[in-house]
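What follows is one structure encoded as structure tokens, with my remarks underneath.
Numbers here simply count residues along the sequence, with the first being 1. Just so you know, these numbers come straight off a predicted model, no measurement behind them.
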Amino acid sequence: MGFFTSVLGILGFVIGIPIGLIIGFFALVYSQPQHEKYPPARPLVETSISVLLDLLPDIPLWIKNPDYERVDWFNRFLSYMWPYLDKAICGIIQSSAQPIFADYIGKYCIESIEFEKLSLGPLPPTVHGVKFYETNEKELLFEPSIKWAGNPNIVLVIKMMSLRIKVQLVDLQFFAIMRVALKPLLPTFPCFGTVVVSLMEKPHVDFGLKVLGGDLMSIPGLYRYVQETIKRQVSSMYHWPQVLEIPILDASTVSVKKPVGLLHVNIIRAQNLVKKDLLGTSDPYVKLSLTGEKLPAKKTTIKKRNLNPEWNEQFKLIVKDPISQVLQLEVFDWDKIGGHDRLGMQMIPLQKIKPGEKAAFRLDLIKNSNIVMDSRDKKQRGKLELDLRYVPFREESLKCRNENQDQYQRKESTDEKSSEDDDFLSQDGLLTVAIQSAKDVEGKKKHTNPYALVLFRGEKKRTKMLKKTRNPRWNEEFEFTLEEPPLKESIRVEVMSKGTGFHFRSKEELGHVDINLGDVVDNGRINQKYHLINSRNGVIHIEIRWTTS
């Protein structure tokens with residue numbers, strides 16, 4: 001019996017283990033776990049009004065308002081940077097407060113004021129959402145919603161009549177919606193010149209103020225009075241449209257030089273020029289340009305076989321800085337083959353020309369602009385006669401006339417004055433076309449390399465080509481000097497694409513727009529986005545300015 005019992009025990013053990021594992025497996029997979037029952041989740045709209053009103057202040061703006069975007073990444077970045085920002089901000093506060101404290105020392109029996117402790121605490125502000133705006137100007141505009149419930153450790157010690165009075169700021173809370181503008185956008189790092197900040201509504205400020213261990217804010221009526229006073233003072237300084245401007249780049253870097261006037265140049269004649277040809281003559285022409293400009297130089301016609309040419313040709317050059325710019329004149333001998341020989345040159349600083357007055361020059365031509373080297377060269381290179389007249393644009397002209405009127409009195413009649421003003425403020429002007437960007441420009445399969453063409457009065461000017469994009473940003477300006485306002489004219493801007501690879505159509509038009517310049521003359525400036533003709537969804541952003549002299 002003992003033997004049979006042992007055998008049956010072994011068989012039961014061998015068979016029981018697999019059966020038990022199989023039964024346990026199916027019981028684990030198919031059995032329903034008995035967890036603690038939680039209340040079912042319900043949408044916020046199904047909650048009671050009282051509960052919903054209590055929850056609304058804590059709900060982020062990106063949930064309540066679809067215009068606001070979520071910025072968790074920025075909050076995480078801020079939490080890592082906060083220990084360093086805390087020290088930097090506290091340093092700025094301390095350096096800014098020292099002059100203010102110094103004004104009170106000696107008054108009201110105050111002997112000294114200083115910070116005993118100054119820390120903003122370990123809790124950084126949080127951004128609950130950011131709203132971005134798209135404008136036609138060169139700026140980045142956005143509105144962050146900032147909430148800060150911090151635990152700063154700020155202790156101020158005031159010494160009065162040998163007594164040390166400690167004032168401690170505790171439990172600071174600050175909620176505000178700010179509008180921040182980064183402008184103007186520049187191609188110099190950090191790519192914007194100024195930060196402009198304003199509050200879109202009165203901020204919520206709450207804090208406790210302990211003096212000698214007691215909380216002043218617990219005094220009835222004082223808490224509300226202090227809160228309303230702070231809100232009123234902050235709103236009067238920074239509530240939109242009041243702004244706080246924080247310069248980032250130097251003014252000289254931020255200021256982009258714009259045209260301020262036109263230089264009228266009349267090349268009259270040249271005399272006794274140098275002989276360069278084999279027959280004892282030259283084929284002269286004059287090349288003129290302003291320093292600091294990337295525009296191509298202007299040229300007179302070529303006078304064949306003439307050492308005393310007469311041109312009487314007029315040109316207009318765009319002036320951007322009459323203080324530092326110099327008119328550079330070069331006389332060349334034209335050659336059919338090879339480079340052109342320079343017969344001589346001369347330079348005239350625009351500082352020597354009074355605005356609005358005609359100035360005649362008879363210049364001795366020199367070899368080059370190096371005064372030291374040219375003084376050794378005694379060779380006569382001839383003379384160049386020309387007339388110059390610098391005419392500022394209308395705003396600059398009025399400034400110059402006001403300055404001149406302070407220096408002397410004019411005794412002419414009113415008719416003579418009006419005629420002189422009309423001559424001084426001529427009908428000449430500058431038409432500036434700024435091609436900013438385009439959006440959703442579509443071409444064929446290989447036509448995603450857009451560039452823009454500006455067509456006006458037979459002239460064609462082109463932006464750079466941007467490869468593989470349907471949303472190009474060119475930010476290029478083109479200038480046209482005109483004799484009179486283009487009241488009844490229009491300008492065409494075409495968006496083209498140059499294909500890549502080998503195919504029959506190397507270029508394709510992605511759309512165009514015709515702009516009436518009468519509105520530009522009347523308003524002085526337009527800055528709009530236009531739907532491209534012959535394009536499904538294409539839009540182009542163009543700014544046009546008309547400046548008169």
Side-chain angles (χ1 to χ4, degrees), residues 57-58 60-61 70-104 112-130 142-159 164-180 182 190 195-218 222-223 226-235 237-239 243-248:
D58 298 325
L61 277 176
R70 190 174 182 177
V71 285
D72 289 344
W73 65 269
F74 183 77
N75 290 325
R76 180 170 294 182
F77 167 80
L78 195 60
S79 64
Y80 286 125
M81 289 295 295
W82 184 245
Y84 307 97
L85 290 173
D86 179 17
K87 294 181 180 179
I89 295 172
C90 290
I92 295 174
I93 293 174
Q94 194 159 10
S95 60
S96 301
Q98 289 300 330
I100 300 175
F101 295 163
D103 293 339
Y104 286 93
S112 65
I113 304 175
E114 59 184 10
F115 286 105
E116 183 179 88
K117 296 180 181 179
L118 180 57
S119 173
L120 300 181
L123 299 178
T126 57
V127 180
H128 283 231
V130 175
F142 58 96
E143 290 183 3
S145 173
I146 298 178
K147 291 188 177 183
W148 184 31
N151 53 347
N153 187 12
I154 302 176
V155 179
L156 189 68
V157 177
I158 304 174
K159 190 174 181 181
R164 289 171 55 88
I165 302 175
K166 290 187 177 181
V167 181
Q168 184 179 8
L169 181 70
V170 295
D171 300 333
L172 176 64
Q173 294 184 6
F174 177 80
F175 306 152
I177 297 179
M178 298 188 297
R179 174 171 291 180
V180 182
L182 309 180
V195 179
V196 182
V197 182
S198 59
L199 297 173
M200 301 310 297
E201 59 185 28
K202 288 185 178 182
H204 170 75
V205 182
D206 191 5
F207 59 90
L209 196 63
K210 291 184 178 181
V211 179
L212 299 176
D215 191 358
L216 287 180
M217 295 297 103
S218 61
L222 182 61
Y223 172 75
V226 171
Q227 265 203 336
E228 293 299 326
T229 302
I230 292 176
K231 289 182 181 179
R232 184 168 59 252
Q233 292 295 328
V234 174
S235 297
M237 293 188 294
Y238 305 122
H239 197 181
V243 297
L244 170 65
E245 293 191 5
I246 306 172
I248 302 299

> Taking only residues two or more places apart in sequence, or in another chain, which ones meet S79 in a side chain to side chain contact (heavy atoms under 4.5 Å, CB included)?
Replying inline: R76, P124
> Under 4.5 Å between any side-chain heavy atoms of V196 and R179, yes or no?
Replying inline: no
>> If I take atom CG from residue L156 and atom NZ from residue K117, how far apart are they, to the nearest 0.5 angstrom?
In response: 13.5 Å
>> Looking at every heavy atom in both V127 and P144, which two are closest together, and how far apart are they?
In response: CG1-CB, 4.1 Å
> Do S145 side-chain atoms and G129 backbone N/O form a donor-acceptor pair below 3.5 Å?
Replying inline: no
> Closest approach of M178 and M200, non-hydrogen atoms and distance?
Replying inline: C-CG, 4.3 Å
>> Determine whether a donor-acceptor pair (N or O, by modelled atom type, separation under 3.5 Å) exists between the side chain of W82 and the backbone of G121.
In response: yes
>> How long is the straight-line distance from CZ of F74 back to CE of M81, given to the nearest 0.5 Å?
In response: 10.0 Å
> To the nearest 0.5 Å, what is the distance between CD1 (I177) and NZ (K147)?
Replying inline: 9.0 Å
> Of the non-hydrogen atoms in P125 and I146, which two are nearest, and what is the gap between them?
Replying inline: CB-CG2, 4.1 Å
>> Is there a side-chain contact between V195 and L182 in this structure, where contact means two heavy atoms from C-beta onward sitting under 4.5 Å apart?
In response: yes
> Does atom CZ of F142 have more than 12 heavy-atom neighbours, drawn from other residues, nucleotides or ligands, at distances under 6.0 Å?
Replying inline: yes
>> Nearest 0.5 Å, please: how far is NZ in K87 from CG in L120?
In response: 12.5 Å
>> Rounded at 0.5 Å granularity, tell me how far NE2 in H204 sits from CD in Q173.
In response: 5.5 Å
>> How long is the straight-line distance from CD1 of I158 back to CD of E114, given to the nearest 0.5 Å?
In response: 11.0 Å
>> Using every non-hydrogen atom in the two residues, find where C90 and S119 come nearest and quote the distance to one decimal.
In response: SG-CA, 3.9 Å
>> Suppose we screen for salt bridge (charged side-chain N to carboxylate O under 4.0 Å, His left out). Which residues come up paired with E116, at least two apart in sequence or across chains?
In response: R164, K166
> So which heavy atom on A149 is nearest to which on L123, and how close?
Replying inline: O-CD1, 3.6 Å
> Which atom names give the shortest non-hydrogen contact between F115 and I154, and what distance separates them?
Replying inline: CE2-CG2, 4.0 Å
